[in-house]
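To start, the structure under review is shown below, and the notes come after it.
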Amino acid sequence: MAVLLNLLALTYADRGILKLDNTTFDRIVDGQKNVFVRFDKEYAYGDENDAWKEFAKTVAESAADMLIVDVGVSEYGDKDNADLAERYSIAPDDFPQYRLFKRSREPLKYAGEKKKDALLRYVQSQAGVWIGLPGQIESLDAIAKKLASGGADKQALLDEAATAASALTDEMAKYYVKVMTKSGGDADFITKESTRLTKMMGDASVKPSKKEQFSRRLNVLSSFS
């Protein structure tokens, strides 16, 4: 344990990001914990890199049981960590690439947008960790996940959600109930609503305040995946 703690202390650089190489990777990505890994150039930069740093900082400041890891791959000289990239079929011209290890050595490949909010929604829904994105309400989030998993008494859960929402002043509480009700009558509602909101988010004519509202709604919808 002391060795592991020393390793962690030495390899953190940016807040929340653990930097690993081919000598330390298998010690951390051991199938015993949730780990989200970015494979990228050794010296990454640009908007996607900034988004990754903000994402990692948000996860670090939450109670999420997850590690965020960077593997920097050198393109020249000894090509450090190129063997790790090859292990997961990642070519140099595909950087950055992301892999989620859900307490497993077999990862899921992330194929979404390389933006902070999209990354947060993904790890929260796929790894089952709670981060608490803008617009999400933990008590209603738990009910949403029960509904999404199936096999439960849907009406009982809807009644529970309505009761919980009635005691809250947050406008998003009503949106949770709306989504639960609508998705009960239309199995494709969440997909269609996500597509609609994403399209609106990309419309330059939409006011920033509206885009913020749509982003919060997308966060709520991710609770149902």
Side-chain angles (χ1 to χ4, degrees), residues 1 3-5 7-8 10-14 16-42 44 48-49 51-60 62-75 78-133 141-142 144-151 190-191 194 219 221-225:
M1 178 61 74
V3 173
L4 177 59
L5 290 175
L7 171 66
L8 294 174
L10 288 170
T11 52
Y12 273 111
D14 296 300
I17 301 176
L18 181 60
K19 296 185 180 295
L20 301 180
D21 58 26
N22 55 12
T23 65
T24 57
F25 186 86
D26 290 319
R27 300 190 205 180
I28 300 301
V29 187
D30 58 1
Q32 302 300 310
K33 59 184 78 70
N34 291 313
V35 187
F36 194 43
V37 183
R38 178 183 71 163
F39 295 85
D40 205 347
K41 297 177 182 178
E42 186 174 15
E48 290 178 353
N49 186 56
W52 173 250
K53 289 182 179 181
E54 285 298 313
F55 156 75
K57 180 175 181 289
T58 300
V59 174
S62 75
D65 182 16
M66 165 171 282
L67 288 176
I68 306 302
V69 164
D70 253 346
V71 173
V73 182
S74 175
E75 300 175 271
D78 292 335
K79 295 188 175 181
D80 294 337
N81 303 324
D83 55 330
L84 285 176
E86 290 172 5
R87 184 193 297 184
Y88 299 106
S89 303
I90 299 172
D93 57 357
D94 286 338
F95 294 140
Q97 285 283 316
Y98 308 83
R99 298 291 186 272
L100 173 62
F101 296 81
K102 299 198 304 180
R103 301 185 185 279
S104 168
R105 287 185 179 273
E106 294 301 320
L108 296 178
K109 179 179 178 180
Y110 175 70
E113 291 184 299
K114 294 163 185 176
K115 296 181 179 180
K116 172 188 172 183
D117 287 352
L119 291 165
L120 287 169
R121 292 182 193 119
Y122 178 77
V123 297
Q124 185 164 267
S125 64
Q126 293 299 315
V129 296
W130 172 254
I131 297 170
L133 309 182
D141 187 85
K145 283 182 167 52
K146 288 179 182 178
L147 277 171
S149 66
I190 292 172
T191 299
S194 296
N219 289 341
L221 290 173
S222 72
S223 299
F224 291 83
S225 61

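Starting from 1, each residue takes its place in the sequence as its number.
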| task | Among residues two or more places apart or on two chains, list those pairs meeting side chain to side chain donor-acceptor pair (under 3.5 Å) that have a residue in residues 98-112. | result |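 Applying side chain to side chain donor-acceptor pair (under 3.5 Å) to every pair that reaches into residues 98-112, excluding sequence neighbours, yields Asp65-Arg103, Gln97-Arg99.
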
For [X], all residues meeting side-chain contact (heavy atoms from CB on, under 4.5 Å), sequence neighbours excluded:
{"X": "Glu48", "answer": "Pro96, Lys114"}
{"X": "Ala51", "answer": "none"}
{"X": "Ala60", "answer": "none"}
{"X": "Lys57", "answer": "Arg15, Glu61"}

Could you measure the distance from the [atom1] atom of [X] to the [atom2] atom of [Y]? Nearest 0.5 Å is fine.
{"X": "Glu54", "Y": "Leu120", "atom1": "CD", "atom2": "CG", "answer": "10.0 Å"}
{"X": "Ile68", "Y": "Lys53", "atom1": "CD1", "atom2": "NZ", "answer": "15.0 Å"}
{"X": "Gln126", "Y": "Asn34", "atom1": "CD", "atom2": "CG", "answer": "11.0 Å"}

Looking at side-chain heavy atoms only, is the closest gap between [X] and [Y] below 4.5 Å?
{"X": "Asn49", "Y": "Lys41", "value": "no"}
{"X": "Leu108", "Y": "Tyr122", "value": "yes"}
{"X": "Thr58", "Y": "Ser62", "value": "no"}

For [X] and [Y], work out which heavy atoms get closest and say how close.
{"X": "Ala64", "Y": "Val59", "value": "CB-CG1, 4.3 Å"}
{"X": "Leu221", "Y": "Ser194", "value": "CD1-OG, 3.5 Å"}
{"X": "Gly132", "Y": "Gln124", "value": "N-OE1, 3.0 Å"}

| said: I'd like to know if Asp30 pairs up with Lys33 as an ion pair, taking the criterion as any Lys NZ or Arg NE/NH1/NH2 lying under 4.0 Å from an Asp or Glu carboxylate oxygen. | reply: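 Salt bridge between Asp30 and Lys33, a charged N being under 4.0 Å from a carboxylate O: yes.
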
| Qualifying residue, where the test is side chain to side chain contact (heavy atoms under 4.5 Å, CB included) with Val69 and the options are Ile17, Leu20, Thr24 |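 Among Ile17, Leu20, Thr24, the one that satisfies the side chain to side chain contact (heavy atoms under 4.5 Å, CB included) with Val69 is Leu20.
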
| task | Compute whether any side-chain donor of one residue and acceptor of the other, for Asp40 and Trp52, lie under 3.5 angstrom apart. | result |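 No, Trp52 and Asp40 have no side-chain donor paired with an acceptor closer than 3.5 Å.
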
| request: Give a yes-or-no answer on whether the side chains of Asn219 and Ser222 include a donor-acceptor pair shorter than 3.5 Å. | output: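 Their side chains do not contain a donor-acceptor pair, so the 3.5 Å distance test is not met.
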
| request: Assess whether side-chain contact (heavy atoms from CB on, under 4.5 Å) is satisfied between Phe55 and Val123, documenting all intermediate values. | output: CA-CA 10 Å; Phe55 156 75; Val123 297; 3.9 Å; yes

| Parallel, tilted or perpendicular: rings of Phe25 and Phe39 (30°, 60°) |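 Rings of Phe39 and Phe25: tilted, 30 to 60°.
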
If you look only at distance, which donor and acceptor atoms sit under 3.5 Å apart when one is on a side chain in residues 80-91 and the other is two or more places apart or in another chain?
unit_1, atom_1, unit_2, atom_2, d
Asn81, OD1, Asn22, N, 2.9
Asn81, ND2, Gly72, O, 2.7
Asp83, OD1, Asn22, ND2, 3.3
Asp83, OD2, Asn22, ND2, 3.4
Arg87, NH1, Asp26, OD1, 3.0
Arg87, NH2, Asp26, OD2, 3.2

| task | List the steps and the verdict of side-chain contact (heavy atoms from CB on, under 4.5 Å) for Asp117 and Leu133. | result | CA-CA 8 Å; Asp117 287 352; Leu133 309 182; over 6 Å; no

